Number of protein chains: 4
Amino acid sequence: MQPNPTFLNLPEEKKRRIEGAAADEFSDNGYRSASINAIVSKVGIAKGSIFQYFGDKKGLFLFIFGQSVEKVKAYLKEVRDATADAPLSIRLEETLKAGVDFTRKHPVIYRLYVRTLAEKEIPFRSEILTSIRRYSLEYLGSLLETARDKGELRDGVNLEAACFIIDASMDRFLQALTLPHMDGGLGIHNADEDELNRRIKALCNSLLSGVTP
Amino acid sequence: MQPNPTFLNLPEEKKRRIEGAAADEFSDNGYRSASINAIVSKVGIAKGSIFQYFGDKKGLFLFIFGQSVEKVKAYLKEVRDATADAPLSIRLEETLKAGVDFTRKHPVIYRLYVRTLAEKEIPFRSEILTSIRRYSLEYLGSLLETARDKGELRDGVNLEAACFIIDASMDRFLQALTLPHMDGGLGIHNADEDELNRRIKALCNSLLSGVTP
Amino acid sequence: MQPNPTFLNLPEEKKRRIEGAAADEFSDNGYRSASINAIVSKVGIAKGSIFQYFGDKKGLFLFIFGQSVEKVKAYLKEVRDATADAPLSIRLEETLKAGVDFTRKHPVIYRLYVRTLAEKEIPFRSEILTSIRRYSLEYLGSLLETARDKGELRDGVNLEAACFIIDASMDRFLQALTLPHMDGGLGIHNADEDELNRRIKALCNSLLSGVTP
Amino acid sequence: MQPNPTFLNLPEEKKRRIEGAAADEFSDNGYRSASINAIVSKVGIAKGSIFQYFGDKKGLFLFIFGQSVEKVKAYLKEVRDATADAPLSIRLEETLKAGVDFTRKHPVIYRLYVRTLAEKEIPFRSEILTSIRRYSLEYLGSLLETARDKGELRDGVNLEAACFIIDASMDRFLQALTLPHMDGGLGIHNADEDELNRRIKALCNSLLSGVTP
DNA sequence: CATGAATGAGAGTTCATTCAT
DNA sequence: GATGAATGAACTCTCATTCAT
């Protein structure tokens, strides 16, 4: 999980170039098909250096992935704290907005996550995914519980199912943002800022209100 | 997309063995990492034959994937027709049940779809995914429109958003079935039949009713 | 141990070129340092072909080594049968002469054996060496037992120790032939035919008679 | 052959750690497969230091090997002097015992010698081996000459051949001690102290007396 | 003087694809 | 039409050596 100190002592800019190229490569090609050749020739360093920094391909992947997860967590924590007193609808909106924002700033991170989802032989895949899902559900769970305690929810609401639906919908929303092909009916992919915000509001509204009378 | 006539004239049983092995290999390893070596040695035919039948790896993949999509469509069409007169809640339940059923009978097909979602260099990936999503939304859209016309929906419901949420939630439900790690809060993965049906009902209820008073 | 049939069906001449190059490479460099690159570029075939024929480096080595052992055994069996009725001194001389003859015809085989002796990580090294030593001792043992039964040996001779000494001395004699550096006092390495036969006779005499009165 | 003065001025303890690690590595892996990486990481010094001290891999090997040879010579000289007045049979026994003793105390040195025997590309291999053999034969030669002068030998004994046989047999005896696989008929490898001494006596007896009446 | 980061050649191995049989 | 031998590029990983600090 931890790269060699050598790597950590590298000039900030070089580090970022390596991380960037590796994240790109993994998110474009998944773990197994990602090529260390491609990474080093993009960055312009010797092949051996990568192995000096990270030991092996697995070590590189674990580091890049771990970094990404940390970034996402930090981002979400910020949103949670910043909206602590807002009503649920606003908190969901802000969460999704933050997700959109983050996905745009770090598109590779989201793709990296999707790739990890799909690939079987990724090192520690099971642990990685389980921990991500758990974190995500805890986050949404705490939002919903707070809302329930404040009386914002209907009686008898199934919190688990609600979490599941919200999680899945937001996840898909972000997928649609990253992958044009998943942008089924919502026209998210090429939307401008205003349009996107309307979409977010609409989705969150629908998530909260359901469709039946 | 179309294999060489030579392939089509093969004995039914041999064709099925080839298709099965190829589907397994692609769904286990994705497109790029799938090995034609592995496929032919599993089936017990000559490597050259695959290239005779399908031209190249790309052709093989396209054929296998296309076949899978046809199977899914046929399955869904059946459900739609069979439940034409039922209320929306039942139709959703039956759809999800059918999805579960199908995923269990043809686990490789679902995995194949997830892999395709994740991999960038898959031939015609964009077209493939777009068409799948469109089909899925059309299907759900027609269910919801029928329901609206029958007065089952609340006024002012945002059909697009509803479709999106239902699609995403069902998709995730099936993912949780296939991938233990996605089974966040719902405990789907190891559920017995009864438990699973309760989960399906709960999810569909929540999808229809929302959480707010 | 068995190469792919593909290899066995190769034209005799090509097979021999491959076997020769591989035996050379292994006997020059040992197992680990032997380079498949070097072998294929010497033979002029593609790198992949070696792996098609033998699976991996280990398979190649095992095949080459096994072949060599078979050749040696066949050679020794011939000598044993041809000298069945001769006195021990002649049989030893003929054995050593045969060894010299063989070592000259197939110098790589002897070097291969020495290399295997020295290297730790050779596949099945332990089994290989044990079986070679056992075979060698059985061979000499049967010679000595026959001699004893014919009354050619002094009473109370320690057969085990005698075997050991003869085995070691002959082994070293052949080493001296192959490796100029081991040619300590005997001047074997550059000896002409007559000289060599004298050396053989002298060694066998000394082996039989010892040094004490 | 001589390391940089920098090395010689190192604290005794550090020098010994470096020598030990290098001897281990070379004797375990041979020259070419020995890894300087492994050596430095075992000792805990910088990789560059090795090159500073010894120039290159070759220099390091030559130094380590030379050192080992010196140790052996010193050991043998001691035995020779200590047994100057004993009869030949005792001197041989003591020599072999000393060899056993030394091999046990410094197993890497013996392995190092065997490895050098086997590997072709070792620097100055030819010179190294020639000098070792010559020394060994000189040593045994002086033992035998002394014995002849004292009338311990039969008339007409071939001293050269006797030397050769004794050298080869003792060498093999030590090999059997180090490599279980060479322990052909004698059961040396797992022998306890008493048993081993009996084996040594038996071998030396047989060496001196031969097998014929 | 010691350090260890950087290098790039070379290792074994796998693979899609071609084509003579 | 079916076969599978041959190919060579690409893969991950190791290593001795150099040299700026």
Side-chain angles (χ1 to χ4, degrees), chain A residues 4-7 9-11 14 29 32-41 44-60, chain B residues 4-7 9-10 14 32-41 44-60, chain C residues 4-7 9-10 14 29 32-41 44-60, chain D residues 4-7 9-10 14 29 32-41 44-60:
Chain A
N4 190 301
T6 311
F7 175 76
N9 293 330
L10 249 35
K14 192 174 182 179
N29 302 291
R32 191 160 137 193
S33 295
S35 159
I36 290 191
N37 275 359
I39 295 172
V40 295
S41 77
I45 59 174
K47 207 193 295 196
S49 297
I50 286 289
F51 292 91
Q52 190 136 57
Y53 301 153
F54 303 100
D56 56 12
K57 193 184 188 182
K58 183 173 143 186
L60 173 59
Chain B
N4 186 302
T6 312
F7 175 76
N9 292 331
L10 249 36
K14 191 172 182 182
R32 194 159 133 189
S33 294
S35 158
I36 290 193
N37 275 1
I39 295 172
V40 296
S41 81
I45 59 171
K47 212 193 297 194
S49 298
I50 287 290
F51 290 87
Q52 187 127 56
Y53 302 152
F54 304 100
D56 56 10
K57 195 183 187 181
K58 183 174 138 185
L60 173 60
Chain C
N4 190 300
T6 310
F7 175 76
N9 293 330
L10 248 35
K14 191 173 184 181
N29 303 292
R32 192 159 136 192
S33 295
S35 158
I36 291 192
N37 274 2
I39 295 172
V40 295
S41 78
I45 58 173
K47 206 195 296 198
S49 297
I50 287 288
F51 292 90
Q52 190 135 56
Y53 301 153
F54 303 100
D56 55 13
K57 193 185 190 182
K58 183 174 142 186
L60 173 60
Chain D
N4 186 302
T6 313
F7 175 76
N9 292 330
L10 249 35
K14 191 173 182 180
N29 302 100
R32 193 159 135 190
S33 295
S35 158
I36 292 193
N37 274 1
I39 295 171
V40 296
S41 81
I45 59 171
K47 212 192 297 193
S49 298
I50 288 289
F51 290 88
Q52 188 126 57
Y53 301 152
F54 304 100
D56 54 12
K57 194 184 187 179
K58 183 174 139 186
L60 172 60

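Heavy atoms only: backbone and side chains are in, while hydrogens, waters and symmetry mates are out. Below, read A as the first sequence line, B as the second, and so on, with proteins coming before strands; counting in each chain starts at 1. Given the structure is predicted, the values throughout are model-derived calculations rather than measurements.
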**Student:** To the nearest angstrom, how far is D:K57 atom NZ from F:dC15 atom P?
**Tutor:** 9 Å
**Student:** Are any of D:S49's side-chain N or O atoms less than 4.0 Å away from OP1 or OP2 of E:dT3?
**Tutor:** yes
**Student:** Which is true for B:D56 with a 4.0 Å heavy-atom rule: it touches a base, it touches only sugar-phosphate, or it touches nothing?
**Tutor:** sugar-phosphate
**Student:** Quick one: which residue pairs count as a side chain to side chain donor-acceptor pair (under 3.5 Å) with a foot in residues 44-58 of chain A, not counting sequence neighbours?
**Tutor:** A:N37-A:K47
**Student:** Nearest to the C:T6 side chain among E:dT3, F:dA5, E:dA16, which nucleotide is it?
**Tutor:** F:dA5
**Student:** Rounded to whole angstroms, how far apart are CG on C:L10 and P on F:dG4?
**Tutor:** 15 Å
**Student:** Atom CD1 of A:I50 to atom C1' of E:dA6: distance rounded to whole Å?
**Tutor:** 12 Å
**Student:** Find the partner of F:dC15: check Watson-Crick (N1-N3 plus N6-O4 or O6-N4) and G-U wobble (N1-O2, O6-N3) distances, both under 3.5 Å, and reply none if neither fits.
**Tutor:** E:dG8
**Student:** Looking for any heavy atom pair under 4.0 Å, which part of the strands does A:A38 touch: base, sugar-phosphate only, or nothing?
**Tutor:** nothing
**Student:** Is there a Watson-Crick or G-U wobble partner for E:dA20 with both distances under 3.5 Å, and which nucleotide is it?
**Tutor:** F:dT3
**Student:** Quickly work out the A:K58 NZ to F:dC11 P distance and round it to whole Å.
**Tutor:** 21 Å
**Student:** Once you round to the nearest 0.5 Å, how far does CG of D:N9 lie from CG of D:N4?
**Tutor:** 9.0 Å
**Student:** Does C:Y53 put a side-chain nitrogen or oxygen below 4.0 Å from OP1 or OP2 of F:dA6?
**Tutor:** yes
**Student:** Is the backbone N or O of C:N29 less than 3.5 Å from a side-chain atom of D:R32, with the two atoms forming a donor-acceptor pair by type?
**Tutor:** no
**Student:** Tell me the interatomic distance from C:N4, atom CG, to F:dA6, atom P, rounded to whole angstroms.
**Tutor:** 10 Å
**Student:** Could you state the CG-P distance from D:N29 to F:dA16, rounded to the nearest angstrom?
**Tutor:** 10 Å
**Student:** In whole angstrom, give the distance that lies between atom CZ of B:F54 and atom P of E:dT17.
**Tutor:** 14 Å
**Student:** Which residue, D:G48 or C:A34, contacts DNA chain E at a nucleotide closer to its 5' end, judged by nearest heavy atom?
**Tutor:** D:G48
**Student:** Nearest heavy atom decides the nucleotide; on that basis, is B:K14 or C:Q52 closer to the 5' end of DNA chain F?
**Tutor:** B:K14
**Student:** F:dT3 P sits how many Å from B:F51 CZ, rounded?
**Tutor:** 14 Å
**Student:** Base, sugar-phosphate, or nothing: which does D:K47 touch, judged by heavy atoms less than 4.0 Å apart?
**Tutor:** base
**Student:** Reckon C:S35 has a side-chain N or O less than 4.0 Å from the OP1 or OP2 of E:dA11?
**Tutor:** yes
**Student:** Would you tell me if any nitrogen or oxygen in the side chain of C:N37 comes within less than 4.0 Å of OP1 or OP2 on E:dA11?
**Tutor:** yes
